[in-house]
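Only a predicted model underlies this, so the values are computations on that prediction, with no experimental measurement involved.
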Amino acid sequence: MIATAPVVDANLKPPAELVQALKKRVGQLQMLPAVAQEALQLVKNPECSISQFTGVIKRDVKLTADILKMANSALYCPVTPIVDLNRCVMRVGFRECQYLILSASIASLMHRVTMSQEWVREILWRHSFTTALLATRINRTFHLGFQGEEFTAGLLHDFGRILFAMVVPESFLKFDPLDFNESPDLLEREFEATGTDHCRLGAWFTHGNQLPQPIPSVILNHHQPELAEKHQRLTALIAVADQLANDWQRLGARMMEDFTPPSALSLLSDDENGDFAASFAEVTPTLLAEAQRDAETMMAAK
């Protein structure tokens with residue numbers, strides 16, 4: 001069962017003028033369709049059956065199609081195509097299917113989002129997909145035990161940047177030039193320009209749209225996973241995947257010439273001998289190549 005998000009600290013609420021800009025530019029941006037919300041509530045009942053669960057989802061033809069599209073994507077690579085929702089749930093399980101609903105809904109939303117400069121949307125969306133796929137491949141390679149939440153969290157970790165690009169397009173590239181050099185200066189520049197930063201804004205907005213934990217928590221802490229009081233390992237995984245995606249988008253293959261494992265890697269394993277870090281460095285080129293390939297495929301499947 002996916003946990004319900006607790007009340008977000010009131011300090012996360014953006015300044016009033018930014019809230020007004022969000023209402024004006026974004027309106028009532030619904031991250032999850034009503035049917036998705038109903039299905040996620042229904043599955044909290046331990047007596048919920050597969051047919052009850054899928055019966056709710058099937059009322060939304062678009063959501064059904066999007067879920068099946070994602071279930072057949074590079075994320076899952078089924079041996080035979082999955083053409084039925086019941087079979088989808090039986091194959092991936094209830095827990096992962098909940099995150100499949102979230103991811104499909106968010107992917108659909110992002111395809112509908114428009115900005116004054118479309119290349120900004122595309123580059124941020126590519127980064128989000130790459131981070132999500134890297135997190136999934138790291139999870140599976142090292143058997144970290146996550147069950148779909150890593151993909152959804154990776155997909156949404158930078159949603160605050162997307163909101164900034166939508167509501168303050170005239171100043172966005174001044175404080176965030178999209179150079180993928182995400183030093184602490186980025187958050188400071190964002191706060192100076194808007195009164196908040198993309199971590200706080202994304203956490204506040206996703207909580208307000210009733211996205212379940214651990215998503216808002218990971219968004220809030222992905223730049224400083226060591227500060228996460230809950231969901232620290234998942235936050236660290238997203239921080240690791242985010243840094244790899246940043247380095248790749250900034251440096252390309254040159255990032256491996258003097259490769260240093262991401263600092264958050266230490267939060268994923270009690271690795272006193274350095275074996276985990278060494279193994280991670282060894283497989284990183286393969287993980288990056290696979291994530292880049294899958295990102296291209298999934299972004300093309302609009």
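- Closest approach of Ala135 to Ala241, counting heavy atoms only: N-CB, 3.7 Å.
- Put simply, CG on Asp179 and CG on Asn246 are 9.0 Å apart, with the number rounded to the nearest 0.5 Å.
- Clustering ILVMFWY residues whenever any of their side-chain heavy atoms sit less than 4.5 angstrom apart, transitively, puts Phe129 in the very cluster that holds Val120.
- Within the 4.5 Å cutoff, no side-chain heavy atoms of Lys230 are placed close to those of Pro214.
- Looking at Ile162 and Met110, their side chains come closer than 4.5 Å, going by heavy atoms from C-beta outward.
- Distance CG/Leu85 to OG1/Thr54: 6.0 Å, rounded to 0.5 Å.
- At a threshold of 4.5 Å between non-hydrogen side-chain atoms, the residues Tyr99 and Glu150 do not count as touching.
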field: side chain to side chain contact (heavy atoms under 4.5 Å, CB included) assessment of Cys88 paired with Asp84
entry: CA-CA 6 Å; Cys88 176; Asp84 178 76; over 6 Å; no
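- Leu134 and Leu267 are assigned to two separate hydrophobic clusters, defined by single-linkage of ILVMFWY side chains at heavy-atom distances under 4.5 Å.
- Nearest heavy atom pair, residue Pro177 against residue Arg189, reads CD-NH2, 3.8 Å.
- Residues meeting the salt bridge (Lys or Arg N to Asp or Glu O under 4.0 Å) test with Arg137, sequence neighbours left out: Glu290, Asp294.
- Among Leu220, Ile215, Asn221, the single residue meeting the side chain to side chain contact (heavy atoms under 4.5 Å, CB included) criterion with Ser217 is Asn221.
- Listed here is the closest heavy atom pair of Ile219 and Gly202: CG2-C, 3.7 Å.
- Side chain of Ser128 to main chain of Leu124: a donor-acceptor pair is present (N/O by atom type, distance under 3.5 Å, no hydrogens or angles).
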message: Assess the residue pair Phe276 and Phe142 against the criterion (ring-ring contact (aromatic ring centres under 6.0 Å, His included)); give the C-alpha distance rounded to whole Å, side-chain angles, the decisive distance to 0.1 Å, and a yes or no.
response: CA-CA 9 Å; Phe276 180 66; Phe142 293 100; 4.9 Å; yes
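- The minimum heavy-atom distance linking Ala39 with Val56 is given by the pair N-CG1, 4.0 Å.
- Within the structure, the side chain to side chain donor-acceptor pair (under 3.5 Å) test picks out the following pairs touching residues 159-173 (sequence neighbours left out): Asp158-Arg161, Arg161-Asp176, Arg161-Glu182.
- Residues Leu32 and Leu40 have side chains in contact (heavy-atom distance under 4.5 Å, counting atoms from C-beta outward).
- Environment of CD in Glu192: sparse, with no more than 12 heavy atoms of neighbouring residues, nucleotides or ligands closer than 6.0 Å.
- Nearest heavy-atom pair, Met256 versus Ala281, reported as atom, atom and distance to 0.1 Å: CE-O, 4.1 Å.
- Taking the six-membered ring for Trp and thresholds of 30 and 60 degrees, His198 and His223 have ring planes more than 60 degrees apart, a perpendicular arrangement.
- Judged by distance alone, the side chains of Ser51 and Ser49 do bring a donor and an acceptor atom under 3.5 Å apart.
- Between Val83 and Leu68, the closest side-chain pair of non-hydrogen atoms is not below 4.5 Å.
- Atom CG of Asp247 is separated from atom OG1 of Thr284 by 10.5 Å, given to the nearest 0.5 angstrom.
- Residue Leu186 is not grouped with residue Ile123 when hydrophobic side chains (ILVMFWY) are merged at heavy-atom distances under 4.5 angstrom, including chains of intermediate members.
- Residue Arg87 places its CZ atom among 12 or fewer non-hydrogen atoms of other residues, nucleotides or ligands, all under 6.0 Å distant.
- Here Glu38 pairs with Arg59 under the salt bridge (Lys or Arg N to Asp or Glu O under 4.0 Å) rule; sequence neighbours left out.
- Met166 and Trp119 fall within a single hydrophobic cluster, where Ile, Leu, Val, Met, Phe, Trp and Tyr side chains are chained together by heavy-atom contacts under 4.5 Å.
- By the criterion of side-chain heavy atoms lying less than 4.5 angstrom apart, applied directly or through intervening Ile, Leu, Val, Met, Phe, Trp or Tyr residues, Leu100 is grouped together with Met31 in one hydrophobic cluster.
- Residues meeting the ring-ring contact (aromatic ring centres under 6.0 Å, His included) test with Phe94, sequence neighbours left out: Phe53.
- In this structure, the separation between SG on Cys97 and CD1 on Ile67 is 6.0 Å, given to the nearest 0.5 Å.
- A donor-acceptor pair is defined here as one N or O able to donate and one able to accept, closer than 3.5 Å; such a pair exists between the side chain of Asn72 and the backbone of Ile82.
- Between the side chain of Ser266 and the backbone N or O of Ser263 there is at least one donor-acceptor pair closer than 3.5 Å.
- When all heavy atoms of Ser103 and Leu155 are compared, the pair lying nearest together is O-CD2, 3.9 Å.
- Side-chain N or O atoms of Thr141 include none that pairs as donor or acceptor with a backbone N or O of Ile138 at under 3.5 Å.
- Glu96 is linked by a salt bridge (Lys or Arg N to Asp or Glu O under 4.0 Å) to nothing, counting only residues two or more places apart in sequence or in another chain.
- Looking only at side-chain heavy atoms (C-beta outward), Phe280 and Leu244 come within less than 4.5 Å of each other.
- The closest donor-acceptor contact from the side chain of Asn139 to the backbone of Phe146 lies under 3.5 Å.
- Applying the 6.0 Å contact sphere to CZ of Phe191 captures no more than 12 heavy atoms from other residues, nucleotides or ligands.
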message: If you apply the rule side chain to side chain contact (heavy atoms under 4.5 Å, CB included), what do you find for Leu12 with Phe205, and how did you get there?
response: CA-CA 9 Å; Leu12 292 182; Phe205 192 85; over 6 Å; no
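- Checking each of Gln98, Arg95, Gln213 against Glu149 for a side chain to side chain donor-acceptor pair (under 3.5 Å) leaves exactly one that passes, namely Arg95.
- Inter-residue side-chain proximity for Leu156 and Leu211 is flagged as met; some heavy-atom pair is nearer than 4.5 Å.
- The aromatic rings of Phe175 and Phe172 lie perpendicular to each other, with more than 60° between the two planes, well past the 30° mark.
- Counting only heavy atoms from C-beta outward, the side chains of Leu201 and Leu22 approach each other to under 4.5 Å.
- Atoms NZ and OG1, on Lys58 and Thr64 in that order, are 8.0 Å from each other to the nearest 0.5 Å.
- Taking the salt bridge (Lys or Arg N to Asp or Glu O under 4.0 Å) definition, one finds that Glu118 meets it with Arg121, sequence neighbours left out.
- To the nearest 0.5 Å, the span separating OG1 on Thr131 from CZ on Arg126 amounts to 12.5 Å.
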- prompt: When you look at Thr196 and Glu190, which way does the side chain to side chain contact (heavy atoms under 4.5 Å, CB included) test go after all the steps?
  reply: CA-CA 6 Å; Thr196 189; Glu190 289 175 344; over 6 Å; no
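- Between the side chain of His207 and the backbone N or O of Trp204, no donor-acceptor pair lies under 3.5 Å.
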query: Checking side chain to side chain contact (heavy atoms under 4.5 Å, CB included) for the pair Asp242/His127: CA distance, chi angles, key distance, verdict?
result: CA-CA 8 Å; Asp242 181 34; His127 174 71; 2.8 Å; yes
